[in-house]
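Here is the structure we will look at.
All ligand and atom numbering here is 1-based and tracks the order in the structure.
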Amino acid sequence: SSRIFSGMQPTSDSLQLGNYLGALTQWVALQEGNEAIYCVVDLHALTVSPDPAVLRDRTRRTAAQYLAAGVDPERSLLFVQSHVPEHAELAWLLSCHTGFGEAGRMTQFKDKSGKQGSEGTTVGLFTYPVLMAADILLYDTNLVPVGEDQRQHLELTRDLAQRLNTRFGAGTVVVPEPHIVKSTAKIYDLQDPTAKMSKSAASPNGLIELLDDPKVIAKRIRSAVTDTEREIRFDPVNKAGISNLLTIYSALTGRSIPELEASFEGRGYGDLKVELAGVVVDWVTPYQERVHGYLADPASLDEILAAGADKARDIAAVTLDRLYERTGLLARR
Ligand code: TYM
């Protein structure tokens, strides 16, 4: 049995299909036989300076979507990051072991700060990956299920963990491994199949938001950019759009790519899009009903989150005590 930890930012009303296929399906699968801990990382979301009421709403909506996807609070811990203050405390400790240049090399930081300019860029955005490392190391995590875009942050987390073990002795922290499933690690934008699907994409038409009107979702799939050939074949280099559609189809149905290629032999791109739109709508409709069920009862949702936070704190406090002791902070009597 391994300790699993992962989280998502509550930065939009709805998760997008990349979050679901790249991460959330793995979260659900890894609950089986492991100790899984899943978090809504609201402190990370503060880096985009959200409206307070909107952030609160999105935090609940994100938790409701974890549950609707199959995160089971009877088996896994589900909580909100800010409810466990040890995350921020460990982040401070780790920031004192992170090189300024090392943090500056994070590509997500460079992309985001590049867009905002140095005056618009906060220190919080800069230290974002350090807080992420704290999330992970606080639970002696073995495996972190994420999409490809988090790989560099996981490498920083591992570097920090090894550094602490070298400096303060073996066993100070557990060195985590990323769990990145190649086939779905990067779901692409429907309008620009060379870019990852993301809530900050240039055009909304490339994005599948899981809580969007199923009619809009179907239309976006039917309008996906493909290529000028006719053959339905998995070839990410030459046929990025078609390959992305096949990846999504395969992930949602469990049918293999070769099986799909065979079933679409001699058929047109339009057939693939129409069928896939049907698959997505059939899956997303009951998902949306479950999300709205959880959101209709915020008191029960808050209770699940509070119970998760209590249990998470018990684990986090033990780790933080160990690290405070090893790093030379005087124990409180
Ligand atoms: P976030 O909120 O941007 O994304 C949540 C998860 O979705 C994955 N993902 C994708 N996977 C495949 N294809 C895509 N197009 C796609 N878009 C997003 C992300 O890789 C991620 O797994 N820094 C993290 C949140 C975080 C975290 C953590 C994760 C904070 N602390 C500790 C793991 C462990 C983030 O911004 O994810």
Using a 4.0 Å heavy-atom cut-off, say whether [X] meets ligand 1 through its side chain, its backbone, both or neither.
X	result
Gln9	both
Thr11	neither
Val41	side chain
Ile136	side chain
Ala185	backbone
Tyr188	neither

Just to confirm my output: which protein heavy-atom neighbour is closest to [atom], and how far is it?
atom	answer
atom 20 (O) of ligand 1	Asp149 OD1, 2.4 Å
atom 29 (C) of ligand 1	Gly7 O, 3.4 Å
atom 31 (N) of ligand 1	Asp135 OD2, 2.6 Å

Table please: side-chain donor-acceptor pairs of residues 41-57 below 3.5 Å, with sequence neighbours left out.
from, atom 1, to, atom 2, distance (Å)
Asp42, OD1, Ser82, N, 2.9
Asp42, OD1, Ser82, OG, 3.4
Asp42, OD2, Ser82, OG, 2.6
His44, ND1, Gln81, NE2, 3.3
His44, NE2, Tyr128, O, 3.1
His44, NE2, Met132, N, 3.3
Thr47, OG1, His44, O, 2.6
Asp51, OD2, Ala53, N, 3.2
Asp51, OD2, Val54, N, 3.1

Worksheet item: Looking just at side-chain N and O atoms, do Ser12 and Glu209 make a donor-acceptor pair shorter than 3.5 Å?
Response: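 No, no side-chain donor-acceptor contact under 3.5 Å.
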Worksheet item: Does the salt bridge (Lys or Arg N to Asp or Glu O under 4.0 Å) test come out yes or no for Arg3 and Glu35, once each step is laid out?
Response: CA-CA 5 Å; Arg3 174 66 59 69; Glu35 264 184 276; 2.9 Å; yes
Worksheet item: Are Gln81 and ligand 1 in contact, using a heavy-atom cut-off of under 4.0 Å?
Response: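 Gln81: no contact with ligand 1 (<4.0 Å).
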Discussion item. Walk me through whether Gln65 and Tyr20 qualify under side-chain hydrogen bond (donor to acceptor under 3.5 Å, both in side chains).
Written reply: CA-CA 9 Å; Gln65 290 180 85; Tyr20 179 76; over 6 Å; no
Practice prompt. Please test Tyr139 against His87 for ring-ring contact (aromatic ring centres under 6.0 Å, His included), starting from the C-alpha separation and ending with a verdict.
Written response: CA-CA 10 Å; Tyr139 298 97; His87 289 249; 5.5 Å; yes
